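Input: a single structure, listed below in structure tokens.
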2 protein chains.
Amino acid sequence: MAVPRQAPVDKRRIILDAAVRVFAREGFHSCRVSDIANEAGVAYGLVYHYFKSKDQVLDTLFLERWDVLLDAIRETDRQRIPAEDKLTAIAGFIIESYRHDPDLMKVIIVEVTRAANTFGATHIGKIGEAYELIRGVVEKAQNAGEFRSEIPSEFAVMAFYGAIEQVLTGWIFGLLPESDEEYELAKAHIVRTICGGLGA
Amino acid sequence: MAVPRQAPVDKRRIILDAAVRVFAREGFHSCRVSDIANEAGVAYGLVYHYFKSKDQVLDTLFLERWDVLLDAIRETDRQRIPAEDKLTAIAGFIIESYRHDPDLMKVIIVEVTRAANTFGATHIGKIGEAYELIRGVVEKAQNAGEFRSEIPSEFAVMAFYGAIEQVLTGWIFGLLPESDEEYELAKAHIVRTICGGLGA
DNA sequence: AAGCTCATTGACTGACGGGTCAATCCGCCG
DNA sequence: CGGCGGATTGACCCGTCAGTCAATGAGCTT
């Protein structure tokens, strides 16, 4: 009667969730592994029972979430809707991720995505996958005449993703006001800027 | 006959220049202060003679260069030219800074600007000053009817600066091809995307 | 009930690197 | 010449963790 060993509580999950809070609060480099253990209400050594290293905890957090993002982009691209709507959906997904779990997104953005030197190095591939998927959306739109072809899709992606990341960073560091309304406005404004431009 | 004490060589400058190379090569956190001293051909302790801490070396590098950028933006804004040209000038200045001294810009972008958690925290104010100056450019253009007012200037800035930073990051981490021609294209494309939009 | 497996504990170790400081060097001035 | 002050040196100190490991305990299997 194969009773799942992990029936009562999944300590691994508890550790990961605690790590999100600790990384968000203190930063990956400044925090100690013992902080994670304490936050999780678990012994120090248990972290090393489930993870090979402190780095691997962050890796796991990032990969778990980033794969969800990649799937969401792929799924969006599969729809038969205007390219602009696809971009709105992608920006919307990222912003909703932030609204739903700000700590996790903060960690991913601040400690991985924006820290390509320290950590991203390992994950540049994964991050590049997202760029590539979005580039696909843009390129198809250009071929279909929805977007003008004047601007290389590589630049379009940088502008689009750069705008999103910058807005999230603005929220994270208190440079932009945050509220449910602001989140909705951001989705619309980002896409409108990238697709429609600032020009009168 | 006040002979300048520092006549022969300015060791302080030598240390700063060496630090740029070391930070660019190994990253601020991974490198040791002794690496900087070795690169500068100077004794370990001399770094602490001129700087209070390892952090202060990076601080100095950042502030020196960022103030030049702020001045450049202010100077650009003073000109009587179309807002789009101002943005081109600003993007151009940043990209030229990168072309002129890639190591220094790499350090500033990767270790300060994009590392707002670790370091930027101290410099969020300075970074915000740049946003604010650019926002001024956009807002004036909106009031003059050059740019449409539909998009709040705060978002416009995020999109503009985000696009630039993302392109630089792409170069730094080898996600975008680099060449003199690419630099020129980037200036044009970034501004054209932000001002004209992707839409057909 | 005995013994096995595996989660769990937390004290301990060892490396690493930032920062200190006492000593030395050197140009200048009286 | 003698001595002052600032530049320069680099060995050393010392705190800080990441990661280890031997011991404990809880439940399952036979």
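Side chains are part of it too, since the values below use all heavy atoms of this structure and drop only hydrogens, waters and symmetry mates. Worth saying up front: this structure is predicted, and the values here are computed from it rather than measured. Residue numbering restarts at 1 for every chain, and letters A, B, ... go by the order of the sequence lines.
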Interface polar pairs with nucleotides 18-22 of chain D, N/O, under 3.5 angstrom:
| residue | atom | partner | partner atom | Å |
| --- | --- | --- | --- | --- |
| dA18(D) | OP1 | Cys31(A) | O | 3.4 |
| dA18(D) | OP1 | Lys54(A) | NZ | 2.9 |
| dA18(D) | OP2 | Val33(A) | N | 2.8 |
| dA18(D) | N7 | Tyr44(A) | OH | 3.3 |
| dG19(D) | OP2 | Tyr48(A) | OH | 3.1 |
| dG19(D) | OP2 | Lys54(A) | N | 3.1 |
| dG19(D) | N7 | Tyr44(A) | OH | 2.6 |

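- Not one side-chain nitrogen or oxygen of Lys11(B) sits closer than 4.0 Å to the OP1 or OP2 atom of dA7(D).
- Between Asp77(B) and Leu133(B), the closest side-chain pair of non-hydrogen atoms is not below 4.5 Å.
- Nearest nucleotide to the Ala43(B) side chain, out of dA7(D), dT8(C), dG10(D): dG10(D).
- Put simply, the side chain of Phe51(B) reaches to within 4.5 Å of the side chain of Leu16(B), judged on heavy atoms.
- Note on His49(B): a side-chain N or O is less than 4.0 Å away from OP1 or OP2 of dA7(D).
- For Ser153(A), the side chain to side chain donor-acceptor pair (under 3.5 Å) criterion is met by Arg135(A), not counting sequence neighbours.
- Computed from coordinates, the Leu46(A) CG to dC6(C) C1' distance equals 11 Å when rounded to whole Å.
- A tilted orientation is assigned to the rings of His189(B) and Phe155(A), their planes being inclined by 30° to 60°.
- In this structure, Val47(A) and Ser30(B) both approach DNA chain C, and ranking their closest nucleotides by distance from the 5' end singles out Val47(A).
- In DNA chain D, consecutive stretches of 3 or more Watson-Crick or G-U wobble pairs with both distances under 3.5 Å are given as paired ranges: C:1-30 with D:1-30.
- The distance between atom CZ of Phe51(A) and atom C1' of dT8(C), rounded to the nearest whole Å, is 15 Å.
- Applying the side chain to side chain donor-acceptor pair (under 3.5 Å) rule to Ser97(B) yields the partners Arg65(B); only residues at least two apart in sequence or on another chain are considered.
- Contacts between residues 13-22 of chain A and DNA chain C, defined by a heavy-atom separation under 4.0 Å, are absent.
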Donor-acceptor contacts under 3.5 Å from residues 101-110 of chain A side chains, at least two apart:
| residue | atom | partner | partner atom | Å |
| --- | --- | --- | --- | --- |
| Asp101(A) | OD1 | Leu104(A) | N | 3.2 |
| Lys106(A) | NZ | Ala24(A) | O | 3.1 |

